Peer 1: 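This structure is in structure tokens; I'll ask about it shortly.
All values below come from the heavy atoms of this structure, side chains included, with hydrogens, waters and symmetry mates left out. Given the structure is predicted, the values throughout are model-derived calculations rather than measurements. For ligands, and for the atoms within them, numbers begin at 1 and follow the listed sequence.
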Amino acid sequence: MIIAKTIEEARKHVWEWKAREYSIGLCPTMGYLHEGHLSLMQASKRDNDITVASVFVNPMQFGPTEDLAKYPRDFERDCRMLEAEGVDMVFAPEPSEMYLDDFCTFVDMTLVSEGLCGRSRPVMFRGVCTVLTKLINIIYPNRMYMGKKDCQQLAVVRRMVRDLNFNVEVVGCATVREEDGLAKSSRNTYLSEAERLASRVLSRTLRAAQEKIAAGQTDAEELIAFMRSELAKEPMADIDYVEIVDGLTMQPIPAVREGDVVAMAVRIGTTRLIDNFIAGDPLIDIAG
Ligand code: AMP
């Protein structure tokens, strides 16, 4: 596996692959990998000749009071996991390689990025759009693989690719969960044992909402009130948002239709967890 730390080195390999007309899949990550990330690599390996993973904790998408400094990192472990998956190249630049001192260009978005996580994390999607624009311009992927766990990020990136005519197909990959239903996340390592148990309330509540929808309930306001009351049963859970939105625009809708997204962000202690389901998707497995 090639480990490219500089843009120049990554591009050298990309040009060789392009000259041979190989298709390239890109899986952007912030590292501290888990099976959720690896499912993106596996999907890319199925679809493309070459799979590139990026490992970059992007400072631009963290607000001043967020967890940039303590975000978990273990690059050697990440490399072992990526190599075992058969990834061809990992691109892992330093922040100074990606952002020169006088960097002053940003990719910004309205509408899709404004609600949900954009409300409590106002700089995040500008950081995500800017770094992904750079990664697309460095790796020239045919396809880019992103998790449905970060449903707003996926919608934002799909919209950016459409609006700015990026020549890349965005592939959304299903959320990979722990046995008890908790969506896998690098941030789960912040949870104490008691918080880890309390965090089950997210997937349990989403699953209960899925069952209500399957039984014919569609009124968004009623479903949100139901989910809020379920979450309130867990004393450690502090709700950031519970919303039901259109899958493409991330705007609230009055009645759930297939493809709409039921999404939540909940603080368990100091750790902010997000989770969601898309109406019409299979029931979340919360056994265990
Ligand atoms: P991150 O390292 O958290 O920025 O995530 C990198 C990519 O992996 C994003 O596209 C995420 O949506 C995706 N991802 C993270 N966790 C999961 C999961 N549990 N299941 C599927 N994809 C995930």
Peer 1: If you round to the nearest 0.5 Å, how far is OG of Ser203 from CG of Asn276?
Peer 2: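 The CG atom of Asn276 sits 12.0 Å away from the OG atom of Ser203.
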Peer 1: Number the atoms of ligand 1 from 1 as they appear, then name those within less than 4.0 Å of a heavy atom of Met146, with their elements.
Peer 2: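 Taking each heavy atom of Met146 in turn, ligand 1 has 10 (O) under 4.0 Å.
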Peer 1: Where the closest heavy atom to atom 5 (O) of ligand 1 is concerned, which of Glu35, Met30, His37 has it?
Peer 2: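 Closest candidate by heavy-atom distance is His37.
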Peer 1: Specify the protein heavy atom at minimum distance from atom 20 (N) of ligand 1: its residue, its atom name, and the distance to 0.1 Å.
Peer 2: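 Heavy-atom neighbour on the protein nearest atom 20 (N) of ligand 1: Val176 N, 2.8 Å.
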Peer 1: How long is the span from the CD atom in Glu85 to the CG atom in Leu40, to the nearest 0.5 Å?
Peer 2: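 Interatomic distance, Glu85 CD to Leu40 CG, rounded to 0.5 Å: 10.5 Å.
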Peer 1: Starting from atom 6 (C) of ligand 1, which protein heavy atom do you reach first, and at what distance in Å?
Peer 2: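 Protein heavy atom at minimum distance: Pro28 O, 3.3 Å.
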Peer 1: To check your reading of the model: name the closest protein heavy atom to atom 21 (C) of ligand 1, its residue, and the distance in Å.
Peer 2: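 Checking every protein heavy atom, the shortest distance to atom 21 (C) of ligand 1 gives Ala174 O, 3.4 Å.
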Peer 1: For atom 17 (C) of ligand 1, find the nearest protein heavy atom and state the residue, atom name and distance (0.1 Å precision).
Peer 2: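 For this ligand atom, the closest protein heavy atom is His34 CE1, 3.7 Å.
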Peer 1: Ignoring hydrogens and angles, state whether a donor on the side chain of Tyr22 or Asn142 is under 3.5 Å from an acceptor on the partner side chain.
Peer 2: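 Per modelled atom types, Tyr22 and Asn142 side chains form no pair under 3.5 Å.
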Peer 1: Only counting residues at least two apart or in another chain, list the ones meeting ring-ring contact (aromatic ring centres under 6.0 Å, His included) with Tyr190.
Peer 2: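 Tyr190 satisfies ring-ring contact (aromatic ring centres under 6.0 Å, His included) with no other residue.
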Peer 1: Going by the atom numbers of ligand 1, which of them fall below 4.0 Å from some non-hydrogen atom of Thr175?
Peer 2: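 It comes down to these atoms of ligand 1: 20 (N), 21 (C).
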Peer 1: Numbering the atoms of ligand 1 from 1, which are under 4.0 Å from a heavy atom of Lys184?
Peer 2: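 Every atom of ligand 1 under 4.0 Å from some heavy atom of Lys184: 16 (N), 17 (C), 18 (C), 19 (N).
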Peer 1: How far is atom 22 (N) of ligand 1 from its nearest protein heavy atom, and which residue and atom name does that atom have?
Peer 2: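 Looking at atom 22 (N) of ligand 1, the protein heavy atom closest to it is Gly147 CA, 3.5 Å.
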Peer 1: So which of Thr29, Leu38, Leu40 gets nearest to atom 8 (O) of ligand 1, if we judge by its closest heavy atom?
Peer 2: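 It is Leu40 whose heavy atom sits nearest to atom 8 (O) of ligand 1.
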Peer 1: For atom 14 (N) of ligand 1, grab the closest protein heavy atom and report residue, atom and distance to one decimal in Å.
Peer 2: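 Looking at atom 14 (N) of ligand 1, the protein heavy atom closest to it is Asp150 OD2, 4.2 Å.
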Peer 1: Rounded to the nearest 0.5 Å, what's the gap from OG1 on Thr270 to CG on Asp67? Could you check?
Peer 2: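 Rounded to the nearest 0.5 Å, the OG1-CG separation comes to 9.0 Å.
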